[in-house]
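Naming convention: chains lettered A, B, ... in sequence-line order (proteins, then strands); numbering from 1 in each chain.
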Amino acid sequence: MIKSVRGFKDILPEETPAWSWLEAQAREILVRYGFREIRVPILEKTELFARSIGEATDIVEKEMYTFVDRNQERLTLRPEATAGIVRAFIEHGLHNRPKPIKLFTIGPMFRHERPQKGRLRQFHQIDVEVFGAQSPGTDAELVVMALDILEAGGARNLRLEINSLGCPDCRVPFREELREFLLARKERLCEDCQRRAERNPLRALDCKNEVCQAEYREAPELTNFLCEDCRAHYEAFKAYLSEAEVSYQVNPRLVRGLDYYTRTIFEIKAPGLGAQDTVAAGGRYDGLVSALGGPDTPAVGFAIGIERWLLVSELPAELESPPELFIAPLGEEAARVTLRLARSLRARGIRVEADYEGRRLKALLRQADRLSARKVLILGEDELQKKEALLKDLETRTQEPLPFENLTDLVNRILIDLRF
RNA sequence: GUGACCGUAGCUCAGGUGGUCAGAGCGCCGGGCUGUGGCCCCGGAGAUCGUGGGUUCGAGUCCCACCGGUCACCCCA
């Protein structure tokens, strides 16, 4: 038997209502905040991701689904959505529109990692981006919106962690300082951190190893190195959050896995997710648009992991609506009439189920029962003959004759019964 | 990419030390009730026992490899 690819999951009919509901909650709030949807390809040239996410990141180094197509072009399945949106933003000259430009997209992302709880190789994100706004108020509004969306979807006990990564001006000196700090105690650090010391010093800070963390208690903190502008931005960002009565935790160890972030970064965590407890994360990336060849444009964004959101959401009890009427025809002629009848009723907005398999009444009633239909219209040869159908209420277990002149009349009588 | 545990019908699981071990419950379809449901009784369909090798007279049952699942690490949504 051919099975799905590792880490790629089917979303079955029992699950899709929850997905649709969650997405509907998100869309509702996104439009309230003034965002418009953009849909971009899930396949892009490899170079786009390499240049935006960063050559030395784990994502680019070992997690991308990359292949060469028939024209010898290197393509990759998007591991995140920002790069493609920025590409589209530049390609279509969206920067010429009134600022800020607020966009979102919903869809699958692909990362070749070992699957575990809350982590698939194909997973789904709601991705949000704001272009052309540099004030910390925008950062704060985005964070607040992320919380609004998650909570509208039934997520509770969310924890917001924030940090500032500064800009290239202040991060570079800090990086150097940190590198020296790490190298000075290299022998006492774990293997990973020894490697990080040279390649990506910032990453060492959020190492889970206790020994390393003990060492890092005295490590230099980026926030102490922030330049005047970055510090002001960070302080203002926090002031906005406080004013909005959003509680947050400053996490100076918070680092992101993508190179393009500047200044504000944040993660929203939820209990009950296991080791992967981040439901949403994002930050500011003021340098990315120009790095990809566009005009200098400040930008902020974040992404919500839909699978993780689903894991922590309390969903409404009833997401699916059962049929209002089940038509049970007995005999071939009745079955033919049933199709016309069902179609007319559906055209009038009624949720109708019908059966054409020629099963016995008992089986049809059982079926109607399992579908949680409210009523059953029994239509046999006798009823057609007498022009008198039977309408059965499955809950009260009662039924009454429903005389009719013709099919149109029958439709009307059923409508009256169901609607009043 | 690393590690631990796991892999028998659609689902949940039984199957001492290798020799009628291919089963049960639920679900599905049907019959009992020749046109009246959720209960009950009966029957039926449905399994290359994850895949491929090996050991053996004989392997779900032992060995190896691979694939997949779960969780953790790395990293991330």
Using purine N1 to pyrimidine N3 plus N6-O4 or O6-N4 for Watson-Crick, or N1-O2 and O6-N3 for G-U wobble, both under 3.5 Å, which nucleotide pairs with B:rC5?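 Partner of B:rC5: B:rG69.
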Separation between the P atoms of B:rC62 and B:rC5, rounded to whole Å: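 That atom pair is separated by 15 Å.
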Applying a 4.0 Å non-hydrogen cut-off, can you work out what [X] is touching in the nucleic acid: base, sugar-phosphate, or nothing?
X	result
A:Glu383	base
A:Leu371	nothing
A:Arg370	sugar-phosphate
A:Lys362	base

Residue whose closest nucleotide on RNA chain B lies nearer the 5' end, A:Arg6 versus A:Lys62: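 Between the two, 5'-proximity favours A:Arg6.
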5'-most contact on RNA chain B: A:Gln116 or A:Val279, nearest heavy atom basis?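 Mapping each residue to its closest nucleotide by heavy atoms, the 5'-most match is A:Gln116.
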Any N or O donor-acceptor pair linking the side chain of A:Arg111 to the base of B:rA77 at under 3.5 Å?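 Under the 3.5 Å cut-off, the side chain and the base do form a donor-acceptor pair.
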Do any side-chain nitrogens or oxygens of A:Arg359 fall under 4.0 Å of OP1 or OP2 in B:rC29?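 Yes, because at least one side-chain N or O of A:Arg359 sits under 4.0 Å from OP1 or OP2 of B:rC29.
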So does A:Arg121 get a side-chain nitrogen or oxygen closer than 4.0 Å to the phosphate oxygens (OP1/OP2) of B:rA77?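 No.
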Tell me, which of residues 320-331 of chain A have any heavy atom that sits under 4.0 Å from an atom in RNA chain B?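 Under 4.0 Å from RNA chain B: A:Leu330.
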Check RNA chain B against residues 100-107 of chain A and give the residues with a non-hydrogen atom under 4.0 Å, in numerical order.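 Those residues: none at all.
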Would a line drawn from the ring center of A:Phe49 to the ring center of A:Tyr260 be shorter than 6.0 Å?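 When the ring centroids of A:Phe49 and A:Tyr260 are compared, they turn out to be at least 6.0 Å apart.
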